[in-house]
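For reference, the structure is listed below as structure tokens.
Keep in mind that this is a model prediction, so the values were computed, not measured. Numbered from 1 within each chain, the chains take letters A, B, ... in sequence-line order.
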Amino acid sequence: MKFELQSTTPLSKARAGKILTDHGEIQTPIFMPVGTIGSVKGVQFKDLKDDIKAQIILGNTYHLYLRPGTGIIEQAGGLHKFIGWDKPILTDSGGFQVFSLGDIRKITEEGAKFQSHIDGSRHMFTPENVIDIQRSIGADIMMAFDECTPGDADYSYALKSYELTQRWLERCFARYRETESKYGYHQSLFPIVQGCVYKDLRIKAAEKISELDCEGIAIGGLSVGEEEQVMYEMIEVVNNVIPENKPRYLMGVGTPVNLLEAIDRGVDMFDCVLPTRNGRNGMIYTRNGIINIKNNKWSTDFSPLEEEGTSQVDTHYSRAYLRHLFQSGEMLGPQLASIHNLAFFLWLVGEARKQILEGNFRKWKEKMVAQIGKRL
RNA sequence: GGGGAGAUACCAAAGUGGCCAACUGGGGCAGACUGUAAAUCUGCUGGCGUACGCCUUCGUAGGUUCGAAUCCUGCUCUCCCCA
């Protein structure tokens with residue numbers, strides 16, 4: 001994998017760049033649709049590619065390990081072949097699931113014991129087997145196994161958690177170095193900076209990780225309950241430490257406004273379930289603000305979903321019709337909303353990139369933030 | 001014409017003297033959702049008020065009672081069976 005920093009922009013730390021993988025190029029800043037179980041929920045790959053213009057998608061180690069299992073994925077020749085997606089894939093390590101599974105898991109030095117949310121069966125993730133599983137999946141970018149510290153953790157817990165993540169990180173990289181890709185193309189491994197909402201921990205983690213011979217760096221454990229301003233502050237703190245010549249990935253973030261604020265602070269990569277999950281639940285993000293398409297006020301609005309939208313659904317379907325689909329429980333509603341939202345997120349980062357390259361990012365961002373955060 | 005059953009909020013449907021402004025479901029109206037245990041979850045749904053509360057409701061008109069959606073009487077309407 002190669003990363004080329006193409007441009008920065010005045011008054012801002014925003015960057016435009018290119019990541020070159022064996023499955024093609026990724027232009028940053030980029031938003032990566034989440035396809036946890038090998039599917040971006042409700043969206044066909046054809047639409048993901050042609051309409052949404054996704055350049056890379058996510059998969060999830062935890063979910064794919066439970067179903068269909070690494071055996072089937074290996075037989076298929078890796079996840080790309082299994083799902084029919086020939087562009088880059090990034091897999092999350094399962095650290096977040098260990099966090100969100102709550103009381104059906106237990107964390108020890110060795111790793112995380114957990115019960116399947118599907119059938120209750122008992123399993124264990126270790127830094128080593130999480131790398132092995134991601135080798136079987138064949139992700140272009142693999143993530144280190146971390147503990148995603150809750151946003152409200154106290155200092156002593158956050159410290160212990162960060163130290164554990166750090167020890168796990170060394171084990172991840174050790175395993176990474178002693179294994180190789182199963183499918184003939186390169187796989188990268190990104191470490192994850194933890195440290196909760198404590199600046200000194202974030203700085204320490206960032207410093208340690210900066211010494212690593214890695215191809216990109218992720219910031220994790222944010223947007224998990226802390227205030228948005230705190231999240232922005234943590235991004236700044238970390239990005240001040242980590243090297244400029246590697247892509248920076250802010251995990252699990254966020255709203256359109258979050259994306260612009262984070263890009264402004266030097267983040268290159270994002271993933272989030274919001275465009276699909278909230279889309280399925282009737283929330284439509286647009287250039288002019290946020291629409292709850294289920295609201296009565298759209299029932300006779302026969303104008304296009306979004307006049308200036310980039311996806312085909314935007315100009316082809318009216319708001320009134322989309323509301324009708326949601327009211328009626330038709331699956332087409334959530335599908336169209338997901339396509340629209342993803343296309344909007346991809347447009348947003350693409351436009352940000354353009355503005356960075358032209359040197360106008362800051363001004364454009366200020367204008368957009370005021371617009372896209374509004375409730376319509 | 002004779003016999004029987006019933007009328008409860010937007011719809012369906014409980015409730016058969018006080019704990020009833022009225023169970024529950026649907027529908028409707030809002031809200032939540034950030035490395036997806038989520039096409040999920042939550043709240044509201046007679047009026048006014050943030051709230052203690054006040055006012056108007058259980059076909060309709062009266063009555064009994066300290067108190068009625070619930071008991072009694074008249075009326076109106078609906079459904080079923082027999083002719």
Side-chain angles (χ1 to χ4, degrees), chain A residues 31-43 56-64 66-67 90-105 114-121 130 134 139 141-151 165 190-194 218-228 231-232 235 249-259 261-262 267 269-283 285 290 292-299 323 325-339 341 345 375:
Chain A
F31 178 81
M32 308 180 281
V34 177
T36 310
I37 318 178
S39 148
V40 176
K41 291 187 192 298
V43 180
I56 170 172
I57 62 171
L58 252 71
N60 187 279
T61 302
Y62 167 83
H63 292 276
L64 292 167
L66 290 178
R67 253 190 333 216
L90 179 151
T91 42
D92 185 27
S93 63
F96 184 77
Q97 278 61 44
V98 167
F99 154 76
S100 70
L101 251 38
D103 51 357
I104 54 174
R105 51 75 168 162
F114 61 90
Q115 281 184 267
S116 159
H117 71 281
I118 300 165
D119 61 7
S121 54
V130 161
Q134 293 184 93
I141 300 172
M142 309 189 286
M143 298 305 302
F145 189 53
D146 65 334
E147 185 192 4
C148 182
T149 318
T165 290
F190 283 17
I192 303 171
V193 175
Q194 287 290 345
I219 307 172
L222 288 177
S223 213
V224 284
E226 80 286 358
E227 294 287 315
E228 282 196 341
M231 170 171 83
Y232 296 146
I235 296 168
Y249 164 30
L250 178 60
M251 305 186 76
V253 174
T255 66
V257 170
N258 290 160
L259 298 193
E261 293 295 354
V267 174
M269 304 165 71
F270 303 90
D271 79 282
C272 191
V273 303
L274 276 182
T276 42
R277 179 189 289 168
N278 287 19
R280 282 196 305 282
N281 295 329
M283 189 179 272
Y285 294 96
I290 299 165
N292 183 344
I293 200 65
K294 293 195 274 198
N295 286 173
N296 182 252
K297 59 179 157 190
W298 308 113
S299 60
R323 170 178 147 87
L325 292 175
F326 269 95
Q327 286 300 100
S328 311
E330 282 294 318
M331 63 167 103
L332 186 60
Q335 289 174 336
L336 295 179
S338 298
I339 292 174
N341 279 346
F345 274 55
R375 297 281 177 146

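- Checking A:Gly94 against A:Asn292, the closest nucleotide of RNA chain B that is more toward the 5' end is the one next to A:Asn292.
- Side-chain atoms of A:Arg323 lie closest to B:C29 of the nucleotides B:G35, B:U36, B:C29.
- B:G46 sits 8 Å from B:U56 when the C1' atoms are compared, rounded to a whole Å.
- Taking the side chain of A:Tyr249 as heavy atoms from C-beta on, and the options B:U36, B:C33, B:G35, the nearest nucleotide is B:G35.
- Residue A:Gln327 has a polar side-chain atom (N or O) positioned under 4.0 Å from OP1 or OP2 of B:G28.
- An OP1 or OP2 oxygen of B:G31 is reached within less than 4.0 angstrom by a side-chain nitrogen or oxygen of A:Asn295.
- Nucleotides B:A9 and B:C20, compared at atom C1', are 13 Å apart to the nearest Å.
- Annotation: B:A69 and B:U16 have their P atoms spaced 13 Å apart (nearest Å).
- If you check B:U36, B:G35, B:A32 against the side chain of A:Lys41, the one that comes closest is B:U36.
- Proximity note for A:Met331 (side chain, C-beta onward) versus B:A39, B:U36, B:A32: the nearest is B:A39.
- B:G46 is paired with B:C55 under the Watson-Crick or G-U wobble criterion, all donor-acceptor distances under 3.5 Å.
- In the model, A:Tyr285 has a side-chain atom that pairs as donor or acceptor with a side-chain atom of A:Asn278 under 3.5 Å.
- B:G15 and B:A7: their C1' atoms are spaced 15 Å apart (whole Å).
- Applying the 4.0 Å criterion to OP1 and OP2 of B:A32, one finds that A:Arg375 has a side-chain N or O inside that range.
- Between A:Thr36 and B:U36, a side-chain N or O to OP1/OP2 separation shorter than 4.0 Å is present.
- The side chain of A:Glu228 lies closest to B:U34 when the candidates are B:U34, B:A37, B:G35.
- Each of A:Gly254 and A:Pro334 has a nearest nucleotide on RNA chain B; the 5'-most of these lies closest to A:Gly254.
- Closest contact between the side chain of A:Asn278 and the listed nucleotides B:G35, B:A38, B:C33 involves B:C33.
- Rounded to a whole angstrom, the distance from the P atom of B:G43 to that of B:C82 is 49 Å.
- Distance from the side chain of A:Asn281 is smallest to B:U40 among B:U36, B:G35, B:U40.
- Ranking B:A38, B:A37, B:U40 by closeness to the A:Phe96 side chain, first place goes to B:A37.
- Listed pair A:Asn296 / B:G28 fails the phosphate criterion, with no side-chain N or O lying under 4.0 Å from OP1 or OP2.
- Summarising the base pairing, B:A7 is matched to B:U76 through a Watson-Crick or G-U wobble pair whose two defining distances lie under 3.5 Å.
- With distances taken from any side-chain atom of A:Met283 to the nucleotides B:A30, B:A32, B:U34, the minimum falls on B:A32.
- Applying the 90° cutoff around 0 to the glycosidic angle, B:A32 is assigned anti.
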